[in-house]
Amino acid sequence: MKYRNIQAATFISRPNRFIANVDIDGNIETVHVKNTGRCKELLLPNSKVILEKSDNADRKTKYDLIAVYKDGLGLVNIDSQAPNKVVKEWLENKPELFSDITFLKPEFTYGKSRVDFYLECDERKILIEVKGCTLEIDGTGYFPDAPTERGVKHLNELAEASKLGYECYIAFAITMPKVTKVLPNIKTHKEFGETLEYAVKQGVKILYLPCEVKKDSLEIVDCILIE
């Protein structure tokens, strides 16, 4: 996926989870943060960030904050809309694991939830729930960076669907460099880790999808299947 109208800036502060103050060439600008997660280890004072200028002239904020440089790691994409977009592009290119896709539907209603993707590969009926991973500790990714009851609900839905014969995946889009593995962040949300373990026992598979992150683009470059 591609971004347009990219602008470099320096992060100053984050008054709330929706906005941040940044320095653009000596001018202080309030920008929209495209991630409501904590990102405390990323959005540090004086961190270099990447913005995308909006095409909407009527917006209160001219820019979206989409990425931040982390010392020792590199550029981390924190745009919460990016994981689903980049996975959709990846699926449309028919990767080896799903090379014979005959039907693809994003935002598929299943049970009491919406699963990110439903696809068919001939007789295979497949559900994929996507989670973006931006939290890195000692070279390993962790999810979530804040408690997610919604994530627990999705795992339970996938577990039940797996029992009914669907091929189910939870896909971690790793939107940062040098990381190829994601573990449940049980210190932050123990229930998510427990539910993930339960889901895997019911047949849900895990996909790690490492991405190449650039200032103006994001692309899945690998697919690691954990069964």
Side-chain angles (χ1 to χ4, degrees), residues 1 3 11 13-14 16-20 22 31-51 64-87 90 116 128-155 158 169-197 199-200 204-215 217-226:
M1 58 172 288
Y3 292 100
F11 178 80
S13 64
R14 189 179 185 182
N16 61 51
R17 59 187 184 144
F18 300 106
I19 61 171
V22 302
V31 301
H32 174 239
V33 180
K34 293 194 76 175
N35 190 314
T36 57
R38 293 174 178 171
C39 301
K40 288 183 178 180
E41 79 290 351
L42 294 172
L43 294 176
L44 302 173
N46 298 316
S47 295
K48 301 302 179 184
V49 297
I50 301 297
L51 315 174
D64 293 310
L65 196 162
I66 58 172
V68 55
Y69 285 93
K70 182 179 180 181
D71 287 346
L73 186 65
L75 188 61
V76 180
N77 184 301
I78 64 169
D79 176 359
S80 61
Q81 297 176 357
N84 279 42
K85 290 180 180 179
V86 76
V87 169
W90 178 70
D116 288 322
I128 302 176
E129 181 64 26
V130 178
K131 303 297 180 188
C133 179
T134 61
L135 175 60
E136 174 266 344
I137 302 173
D138 297 330
T140 298
Y142 287 86
F143 182 91
D145 71 346
T148 171
E149 294 303 328
R150 185 168 177 266
V152 169
K153 179 183 177 182
H154 286 152
L155 285 173
L158 289 179
Y169 297 84
I170 179 165
F172 292 101
I174 306 172
T175 59
M176 52 189 165
K178 306 177 185 178
V179 177
T180 58
K181 180 180 181 180
V182 181
L183 297 178
N185 189 0
I186 57 176
K187 289 183 178 180
T188 295
H189 196 181
K190 183 179 179 182
E191 186 184 5
F192 180 86
E194 293 171 342
T195 309
L196 178 61
E197 182 178 359
V200 169
V204 177
K205 301 173 185 179
I206 299 173
L207 289 179
Y208 300 146
L209 302 174
C211 296
E212 181 181 47
V213 185
K214 295 183 179 180
K215 294 178 183 179
S217 67
L218 185 70
E219 181 183 6
I220 292 170
V221 293
D222 198 2
C223 171
I224 302 166
L225 173 63
I226 307 298

Counting C-beta onward and ignoring hydrogens, is there a side-chain heavy-atom pair between Tyr208 and Cys133 closer than 4.5 Å? no
Name all residues meeting the side-chain hydrogen bond (donor to acceptor under 3.5 Å, both in side chains) criterion together with Thr188; count only those two or more places apart in sequence or in a different chain, and write none if there are none. Asn185
Could I get the full list of side-chain hydrogen bond (donor to acceptor under 3.5 Å, both in side chains) partners for Tyr3, not counting sequence neighbours? Asn77, Asp79
Tyr142: which residues meet the ring-ring contact (aromatic ring centres under 6.0 Å, His included) condition with it, sequence neighbours left out? none
With a 4.5 Å heavy-atom cut-off, do Lys34 and Ile78 have their side chains touching? no
Listing request: all salt bridge (Lys or Arg N to Asp or Glu O under 4.0 Å) pairs with a residue in residues 173-188, at least two apart in sequence or in separate chains. none
With the side chain counted from C-beta on, respond yes when Ile220 and Val87 share a heavy-atom pair under 4.5 Å apart, and no when they do not. yes
I'd like a table of donor-acceptor pairs (distance under 3.5 Å, sequence neighbours excluded) in which one partner is a side-chain atom from residues 65-75, with atom names and distances.
residue, atom, partner, partner atom, Å
Lys70, NZ, Glu136, O, 2.9
Lys70, NZ, Glu136, OE1, 2.7

In chain order, what residues pass the salt bridge (charged side-chain N to carboxylate O under 4.0 Å, His left out) check against Asp116, with sequence neighbours excluded? none
Count the heavy atoms of every other residue, nucleotide or ligand shown that sit under 6.0 Å from NZ of Lys214, and state whether that count exceeds 12. no
Side-chain contact, heavy-atom cut-off 4.5 Å: Ile174 with Cys211? no
What salt bridge (Lys or Arg N to Asp or Glu O under 4.0 Å) pairs are there with at least one residue in residues 137-155, not counting sequence neighbours? none
Student check: side-chain heavy atoms of Val33 and Arg17 closer than 4.5 Å: no
Mind checking side-chain hydrogen bond (donor to acceptor under 3.5 Å, both in side chains) for Ser80 and listing every partner two or more places apart, or none if nothing turns up? none
May I ask you to check whether over 12 heavy atoms, not counting those of Ile186, lie within 6.0 Å of atom CD1? no
List the steps and the verdict of side-chain contact (heavy atoms from CB on, under 4.5 Å) for Leu207 and Ile224. CA-CA 6 Å; Leu207 289 179; Ile224 302 166; over 6 Å; no
Counting C-beta onward and ignoring hydrogens, is there a side-chain heavy-atom pair between Val76 and Val213 closer than 4.5 Å? no
For Phe143, all residues meeting ring-ring contact (aromatic ring centres under 6.0 Å, His included), sequence neighbours excluded: Phe172, Phe192
Applying salt bridge (charged side-chain N to carboxylate O under 4.0 Å, His left out), name anything that partners Glu41, two or more places apart in sequence or on another chain. none
Asn16: what forms a side-chain contact (heavy atoms from CB on, under 4.5 Å) with it, not counting sequence neighbours? Phe18, Ile19
